[in-house]
There are 4 protein chains.
Amino acid sequence: MSRGVKKKAVTAKSPGRPRSDEAHQRILEAAYELMSQIGFNELTMEAIAARAEVGKPTIYRRWSSKAHLVMDAFLAAVNPELTFPDSGSITESIRLQMQQLVKVLLSPPGQIIAVLIGGGQTDAELIEAFRENWLIPRRKAASEVFKKGVECGELRADVNVEVAIDALYSPLFYRLLLKHAPLTQDFVDELVDIVMKGLAV
Amino acid sequence: MSRGVKKKAVTAKSPGRPRSDEAHQRILEAAYELMSQIGFNELTMEAIAARAEVGKPTIYRRWSSKAHLVMDAFLAAVNPELTFPDSGSITESIRLQMQQLVKVLLSPPGQIIAVLIGGGQTDAELIEAFRENWLIPRRKAASEVFKKGVECGELRADVNVEVAIDALYSPLFYRLLLKHAPLTQDFVDELVDIVMKGLAV
Amino acid sequence: MSRGVKKKAVTAKSPGRPRSDEAHQRILEAAYELMSQIGFNELTMEAIAARAEVGKPTIYRRWSSKAHLVMDAFLAAVNPELTFPDSGSITESIRLQMQQLVKVLLSPPGQIIAVLIGGGQTDAELIEAFRENWLIPRRKAASEVFKKGVECGELRADVNVEVAIDALYSPLFYRLLLKHAPLTQDFVDELVDIVMKGLAV
Amino acid sequence: MSRGVKKKAVTAKSPGRPRSDEAHQRILEAAYELMSQIGFNELTMEAIAARAEVGKPTIYRRWSSKAHLVMDAFLAAVNPELTFPDSGSITESIRLQMQQLVKVLLSPPGQIIAVLIGGGQTDAELIEAFRENWLIPRRKAASEVFKKGVECGELRADVNVEVAIDALYSPLFYRLLLKHAPLTQDFVDELVDIVMKGLAV
DNA sequence: ACCTAAGCGAGACGGTACGTCAGGTCTTTCG
DNA sequence: CGAAAGACCTGACGTACCGTCTCGCTTAGGT
């Protein structure tokens, strides 16, 4: 479950005092709350330690960097997956799911997503962790839906699914990150209209 | 056309020693080189000052933040605009220009773009500077091409141009930033096939 | 005859796991070796525990402070008492014993004595342990010799023995600690000449 | 004047902002006062910095260790030299000066002397600094008095002055450091009686 | 030829946060 | 049931940069 955690093979019983689950939880919560309030750059390990009422070494024993910690805190807070509603058509199902995604991106977790992608540009481990733990599972789900669409004859069979997913979803992240235009439901509608027209049989 | 410069009304002759153009240049070069080597987060004003053989106040006198400085350094180093080759169709012209853009994104300046967007997630001024000085001028050029395509009947007239540009270009940045799949010329081809099908009359 | 040991009535068989003599020995050896190499101030309980392959509480259970532990380690390693050779006169016997003492002070244990006295300046327990367990037994032996010298008419009877011992021995420790001049056999000779002249009848 | 200072060739004018004499002074005072109140081991650089209202780097820029700082603070506080009163005889002059010295050793500066000698056992630079800046100047003064005593025929001419000074003064430091017996004026009297008898013609 | 003003490189300033070390305590499992 | 082992929390460490300031010094234009 934990990413960026240093050691602690979960194998069996080890001697010594066990790590405190309570402290672990308090750290994650403190990190998430401070992250939401003051952002990644202004976020300090000292502030997290103080708010969690924990020593700094207790944090460093578990996470090797601020990025890894924030990553874990984010994943612990956004566990419930987005689902593809079972509507009449695949296109409408995707449209509804993308509208849900936009809501998430506009909420505090969305800001954290932006910050994690941002931080990942100078931290290869971070962007990989985000990719593997958040992005790819969601892309897999979208991929399933696409294949269903192909099977039931609604979508073209000669299209690379990965490219199709990129075409649909990347504009959401693009606006999240660049902020050159607002992320609205209308935007999703227009986008789905254009891209799904290109993907339809 | 410096961005982020603090004051210095260029109006007339002011008293006192004039600012050194040579120092200005050395700072920009130092910033660009260090940026390429160690990234935005690890980049320090002290290191830039040391490499440019300049005092820190000389930097702060001209740029109010690391973000502004790096932005200027990037813009000073970046090549003249990408052009839309005059091929037979608008679609092919766009395809060729996007393939040029992919080449840029895969080169060192592309890494700096990624880092600037990344850094901008925790620095509102930086992302704004990038948007205004790099992104929007290029979007304007693309916008012109689109309008021409509409006029000559090659593209649908009922499409929001901004959304169309997002649909076409954002996947390139998405892969640049997330690295979940490679940025290839084939990718551009498939992408253009899908999206332009949705945009064609 | 451990000093500073916390509890453990040796009375009879006590319940529970018995303390490991082997661990005890390893701790003393580790403490002595590290002490010789890095000195009292830089010596840490953690390093001792690590070198002895023992947990920290195992040390704290037996010694209440670093000072007590190092003292025990020193005493366990130190040679049997210096003796006063039975020469013709008391003065010569003292001179020979002092020359032996100088040899000890110039050897590794001498450095540890210096370090213990040094550490004791900021650790009352340490200096007390050194005094009671090393210094005072040796001063008692010297005191016996003096009294014999008084009895046989070689030394003045109106002299405070403690002061006499201080006058004879303290210059050796003074040079050991201050290092303003070397500790040589010639130095002992000149010193004994001066002081014993003042002590003779 | 300053000992333990890192660089700063006093040669001529150096570029850059000059070091603040006021901060320097505040640090020395803070160090001396805290030293007197809580002792060397409990003394922390953070506490000194806080009391002097100075950043930690400002301290480390000037002194490489707590020991060096305390050394300087001590020397700044005890500048007035002990003098040899001009009494009838050399012996009495020495006795009076030693009684003054005992008073100093029993006062707070005396505790600091003990701590400095102690710290010097694991810090060669510190003991050297103490020797050169405090001990040797005072030994030189004592040496002058001795030579005068030899010239005026009160003291033996065949005695090594350094050994004589050691014989007289080292017992004071010995009792200061080992604390096996109190440092009293009576002790000085008995000591001077014994040793000066050995030194007299 | 001087004065005044603003620039220059250098480096110290008071701070904040870093990531680490060691202290001494507490809580498990093992013998 | 106590010894052993190791994580706990705390507090200080010494360092890196921050952005500002104060130096002595150019380098100009305006007297």
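In what follows, chains are A, B, ... by sequence order, proteins preceding strands, each numbered from 1.
- Taking the nucleotide of DNA chain E with the nearest heavy atom to each of Lys66(A) and Ile59(D), the more 5' of the two is matched to Ile59(D).
- Atom CD1 in Ile48(D) sits roughly 14 Å away from atom C1' in dG14(F) (whole-Å rounding).
- Between Arg62(C) and the phosphate of dA4(F), there is a side-chain N or O to OP1/OP2 separation shorter than 4.0 Å.
- If you measure from atom CG of Asp21(D) to atom C1' of dT22(F), you get 14 Å, rounded to the nearest angstrom.
- A side chain to side chain contact (heavy atoms under 4.5 Å, CB included) with Ile48(B) is found for one member of Leu28(B), Leu34(B), Val54(B) and no other, namely Leu34(B).
- With dT15(F), dA12(F), dG23(E) as the choices, the nucleotide that has an atom nearest any side-chain atom of Thr44(D) turns out to be dA12(F).
- Using a 4.0 Å heavy-atom criterion, one finds that Arg26(C) contacts no nucleic acid atom at all.
- In the set dC23(F), dA5(F), dG23(E), the nucleotide with an atom closest to the side chain of Pro18(D) is dC23(F).
- Interatomic distance, CD1 of Ile113(C) versus CZ of Phe130(C), reported as 5.0 Å (0.5 Å rounding).
- The OH-P distance, from Tyr60(C) to dA22(E), rounds to 11 Å in whole Å.
- Residue Arg61(C) places at least one side-chain N or O closer than 4.0 Å to OP1 or OP2 of dA4(F).
- For the atom pair NE2 of His24(B) and OG1 of Thr58(B), the computed distance is 12.0 Å after rounding to the nearest 0.5 Å.
- Ranked by how close their nearest DNA chain F nucleotide is to the 5' end, Met45(B) and Thr58(A) are led by Thr58(A).
- Between the side chain of Lys56(C) and the base of dG24(E) there is at least one donor-acceptor pair of N/O atoms closer than 3.5 Å.
- A salt bridge is absent between Arg26(D) and Glu53(D); no separation between the charged side-chain nitrogens and carboxylate oxygens falls under 4.0 Å.
- Residue order along DNA chain F, read from the 5' end via each residue's closest nucleotide, puts Gly55(A) first among Gly55(A) and Leu43(D).
- The interatomic distance linking Arg19(A) (CZ) with dC9(F) (P) rounds to 11 Å, in whole Å.
- For the pair Asn41(A) CG and dA17(E) C1', the interatomic distance rounds to 13 Å; values are reported in whole Å.
- Interatomic distance, Thr44(B) OG1 to Ile38(B) CD1, rounded to the nearest 0.5 Å: 6.5 Å.
- Regarding Glu42(C), its CD atom lies at a distance of 16 Å from the C1' atom of dG23(E), rounded to whole Å.
- Between dG6(F), dG19(F), dG23(E), one nucleotide has an atom nearer to the side chain of Pro57(C) than all others, and that is dG6(F).
- Taking atom CD1 on Ile27(D) and atom P on dA12(E), their separation rounds to 13 Å, with Å as the unit.
- Phosphate proximity of dC21(F) to Arg17(D): absent, as no side-chain N or O sits under 4.0 Å from OP1 or OP2.
- A residue-by-residue look at Glu46(D) and Glu53(D) shows that Glu53(D) has its nearest nucleotide of DNA chain E further toward the 5' end.
- Tyr60(A) places a side-chain heavy atom less than 4.5 Å from the side chain of Met45(A).
- Counting any heavy atom pair closer than 4.0 Å across all strands shown, Ala49(B) reaches no nucleic acid atom.
- Regarding Glu22(B), its CD atom lies at a distance of 12 Å from the C1' atom of dC8(E), rounded to whole Å.
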